[in-house]
Participant: 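Can you keep this structure in mind? I'll have questions shortly.
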Amino acid sequence: MSTSEKHIIRPAGRHILTIGRDLIQDRYAAIVELVKNAYDADSPKADITFEAAPDRRTYSICVEDHGHGMSRETVVKQWMVPSTDDKLKRGTSPKGRIMQGRKGVGRYAASILGKDLLLETVTPTGDKTTALIEWDKFEAAEYLDKVDILIETTHSSEPPGTRLTINGDHRGLADWDQLQLDKLRFELKKLISPVSLVASDVHAPENFQITLCIVNFIKGQTSPTIETIKPYPIFDLFDYKISGKIDASGAGLLEYTCQKARNTITEEIPIAPGSPTGCGELDFDIRVYDREKESIESLIGRGLKDEFGQYLGKLEARQILNDYNGIGVYRHGFRIRPLGDADFDWLKLNEQRIQNPSMRIGSNQVIGYVKIQAEDKSGLIEKSARDGLRDNTAYGKLKAITKVVISKLEENRFAYRKKAGLSRPVLKVERQLEKLFAFEELKKGIRARLARRGIPDSTAEEVIAIISKEEDDKNKIADEIRQAVAIYQGQATLGKIINVVLHEGRRPLNYFKNQIPNLTYWYDLFSTSADPEALKRFMPIASGVAQNADVFVKLFSRLDPLAAGKRSDKSPLALTSAIETAFAVFHAEMEQHKVKFQIVGPSDLKYVCWPQDIYVIITNLVDNSIYWLSQKTANQREIRLSIHANGDKLAYIDYQDTGPGIEPALIASEVIFEPQFSTKPNGTGLGLAIAGEAPSGNGLDLKPFESPSGAYFRLQPRNENKE
């Protein structure tokens, strides 16, 4: 026997607690939700009062607004309806504010704050509606529709607005100590700042205030404390700032500012249109603070004060940076928690800083925000639990674009700190060795001084001979250092391109792994039976082993110059052949990314040098080009290297690609050759640093030039440095 009946879904009584107390992130989030409701009601402010009874056995938390209030019908048909889409449909308040509460569940977060909730709301016409919600009744009820709530409406002379009062007993009071209340103050400070202060947004809550009153909530409190919530002034006291907009197409204009010195100017950084952002229009304002002792002192000197107008000490200033840091995500003027919390590093800045501490910034150095559009325009969806954004494609795009913006700031900051002497100077090994072990000027000076003193030439020659011997000994040490540096450069370069080894070596290794058992099988069969068919099966496998072994031989021969344990004396190097060998290392990667290359110039030109150094220079340049060309959406992906000669001597070698190129400011400062400086998101800054150092021991210089079509370097003899 079968039956067919229609039924309806009946939520259990405790469903209200599930979407409120159980779903909300924490008590602070519950307060924030009630404050947002006050904003939606067009109230000029939200008054929050924490008050404990004199005997501290009971307490109340009251959130009151001075908005338009709610009619009885609104209370019954909207406020009492979980997950109502009323605000979502309306979009804006009567006075044009963009609605913050769109899920229809924020008011039920009050269940985490106490045992019951008293609603009192008054309309502009004087109708006052009250409703008392006791959360225990929902816990006990089998079904939600079994809970009766008494709603009363009377006429009142009270001004319009809504008051929500949550009551609790001593057990709930124990959850609020001074530390918890300070945390609440901090959350409220970050709720509407810094966007409301600096963002030119017609929908930002510039005319919305929050006051916090604490009465007898802390043991020993002698008088109420009333505070208008204001942000810390640290936001305007930055060392470095980057701000601007990127539209939905991916195009934008950023501005970089440095306040470390008086004579700096704002720099514009255009963002060329590429692919769409995938998360709508974005508005950035990101500010960075150096944390050395001198920088903290400068921060205080620029006006860092507490809420009472007193200058802070260095420890207090550091503590504010520790507590207040983070890049928040704001929508219509309010922060989406926990994005921007000091302990929620949603951009993984600290992980990047560990890899490259001189270049990258940590999360405790940055304060700022990213403004995003509404959900329907951006695809960035808030979680119902108010604990961030849904981890979808749009959120991934938001993180990627924000990291790109931060990297632009990091590049400019690194260049400034180098120029200002705030970072450790680069040690150019070859140049320093030349200075350290240059004795000719010393010998000339001693010879002249001895002659002026009337010392016989024979004695002077003896002194010079002693110095010359010391020079020979020291130069042997210098050569050993050069050898060591060359080895390290080669090994570092080999480490950078280890993916080439893995990529090209994986196929033959897999062949060996899969075919050697077959080879053994057919060999054993032939050796026991002399079956011609077994030999026929055996030979192709043996041939394949030989072919794949040849892949390894050629791969290792191309990498051999980088792995040399000791290099021989300088010798004439056929440049075209050596450069072709360096390009051959990347044969598979260039095919994968559709990168073409061309080498032009005399094929027989030779240059006396250490071959390994030329190999290191070209290998690092090519590795860099392939990375940036693979990021480029254009079809033209080319590397062109041209060798120019004066007779039988090298004039210069030009290296150019069709990638995104290098910022002119970075070229002018030559910061690109600094170790740890990198414009790659996870770059180490080794490649160009090695490429810039390796020419020195060979009488060469590597110079970058501005180019409208990509990266442009020139390798030329040092005594022929001509533009």
Side-chain angles (χ1 to χ4, degrees), residues 8-24 30-31 33-43 46-49 58-90 93-94 99-169:
I8 60 172
I9 296 175
R10 298 181 68 187
R14 69 178 317 277
H15 175 68
I16 286 294
L17 303 178
T18 299
I19 64 174
R21 180 183 65 198
D22 297 343
L23 189 61
I24 201 71
I31 297 291
E33 286 302 307
L34 300 181
V35 169
K36 286 182 178 181
N37 285 343
Y39 177 79
D40 289 346
D42 283 329
S43 178
D47 296 322
I48 307 169
T49 302
T58 60
Y59 69 89
S60 66
I61 299 174
C62 177
V63 180
E64 183 175 7
D65 71 52
H66 308 277
H68 47 60
M70 292 181 286
S71 66
R72 179 184 181 89
E73 183 180 16
T74 300
V75 171
V76 173
K77 294 186 177 181
Q78 295 170 12
W79 195 86
M80 294 275 293
V81 178
S83 303
T84 177
D85 62 355
D86 170 61
K87 289 186 179 182
L88 181 62
K89 286 181 177 178
R90 285 193 289 147
S93 70
M99 294 292 193
Q100 298 299 309
R102 296 191 168 197
K103 305 294 184 182
V105 296
R107 54 197 171 277
Y108 300 110
S111 59
I112 199 175
L113 298 172
K115 298 179 64 176
D116 58 50
L117 169 64
L118 175 64
L119 164 70
E120 300 171 274
T121 183
V122 181
T123 66
T125 58
D127 291 331
K128 180 178 182 179
T129 301
T130 61
L132 178 63
I133 298 177
E134 298 172 280
W135 305 116
D136 286 348
K137 289 185 177 180
F138 292 94
E139 189 81 64
E142 182 179 6
Y143 295 108
L144 187 58
D145 56 12
K146 295 295 184 181
V147 180
D148 293 324
I149 297 175
L150 178 64
I151 298 176
E152 295 182 342
T153 301
T154 60
H155 189 74
S156 172
S157 60
E158 297 176 44
T162 299
R163 182 188 302 114
L164 296 172
T165 305
I166 299 107
N167 296 295
D169 56 25

Participant: Within the structure provided, determine whether Asn167 and Ser60 are in side-chain contact (heavy-atom separation under 4.5 Å).
Facilitator: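 A side-chain contact under 4.5 Å exists here.
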Participant: Got more than 12 heavy atoms from elsewhere within 6.0 Å of NZ, Lys128?
Facilitator: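 Count over threshold, so yes.
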Participant: Indicate yes or no: at least one non-hydrogen side-chain atom of Ile31 is less than 4.5 angstrom from one of Ile61.
Facilitator: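 A side-chain contact exists here, since the closest heavy-atom pair is under 4.5 Å.
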Participant: For a 4.5 angstrom cut-off between non-hydrogen side-chain atoms, does Ile149 reach Phe138?
Facilitator: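 Yes, their side chains come closer than 4.5 Å.
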Participant: For a quick test of reading the model, state the closest non-hydrogen atom pair linking Tyr59 to Asp169 and the distance between them.
Facilitator: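 So the two residues come closest at CE2-O, 3.1 Å.
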Participant: In this structure, which one of Thr74, Thr121, Thr154, Thr153 forms a side chain to side chain donor-acceptor pair (under 3.5 Å) with Thr129?
Facilitator: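 Only one of Thr74, Thr121, Thr154, Thr153 forms a side chain to side chain donor-acceptor pair (under 3.5 Å) with Thr129, namely Thr153.
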Participant: Taking the side chain as every heavy atom from C-beta outward, state whether Leu34 and Ile166 have any pair of such atoms under 4.5 Å apart.
Facilitator: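 Yes, their side chains come closer than 4.5 Å.
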Participant: The criterion is side chain to side chain contact (heavy atoms under 4.5 Å, CB included); which residues satisfy it with Thr125, sequence neighbours excluded?
Facilitator: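 Thr125 satisfies side chain to side chain contact (heavy atoms under 4.5 Å, CB included) with Thr123, Asp127 only.
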Participant: If every non-hydrogen atom of Gly69 is compared with every non-hydrogen atom of Thr162, which pair is closest and at what distance?
Facilitator: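 Residues Gly69 and Thr162, closest heavy atoms: CA-OG1, 3.8 Å.
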Participant: Run the side chain to side chain contact (heavy atoms under 4.5 Å, CB included) test against Ser43 and tell me which residues pass, sequence neighbours left out.
Facilitator: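 With neighbours one apart ignored, the set is Asp65, His66.
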Participant: How close do Lys115 and Trp135 get, heavy atom to heavy atom, and via which atoms?
Facilitator: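 What the structure gives for the nearest pair is O-CD1, 3.0 Å.
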Participant: Carefully, step by step, assess Leu164 and Leu119 under the rule side-chain contact (heavy atoms from CB on, under 4.5 Å).
Facilitator: CA-CA 5 Å; Leu164 296 172; Leu119 164 70; 3.5 Å; yes
Participant: Can you tell me how far CD of Glu152 sits from CG of Leu132, rounded to the nearest 0.5 angstrom?
Facilitator: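 Leu132 atom CG to Glu152 atom CD measures 10.0 Å (nearest 0.5 Å).
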Participant: For a quick test of reading the model, state the closest non-hydrogen atom pair linking Val76 to Met80 and the distance between them.
Facilitator: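 Minimum heavy-atom contact is O-CB, 3.5 Å.
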Participant: Hey, what do you get for CD (Glu64) to OG1 (Thr165), rounding to the nearest 0.5 Å?
Facilitator: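 Those atoms lie 8.0 Å apart.
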Participant: Which heavy atom of His68 sits nearest a heavy atom of Pro124, and at what distance?
Facilitator: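 Here His68 and Pro124 meet closest at O-CD, 3.2 Å.
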Participant: Would you compute the distance between atom SG of Cys62 and atom CD of Glu120 and round it to the nearest 0.5 angstrom?
Facilitator: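 Interatomic distance, Cys62 SG to Glu120 CD, rounded to 0.5 Å: 8.0 Å.
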Participant: With sequence neighbours left out, write down each residue that passes side chain to side chain contact (heavy atoms under 4.5 Å, CB included) with Glu73, or none if nothing qualifies.
Facilitator: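 Listed in chain order: Ser71, Lys77.
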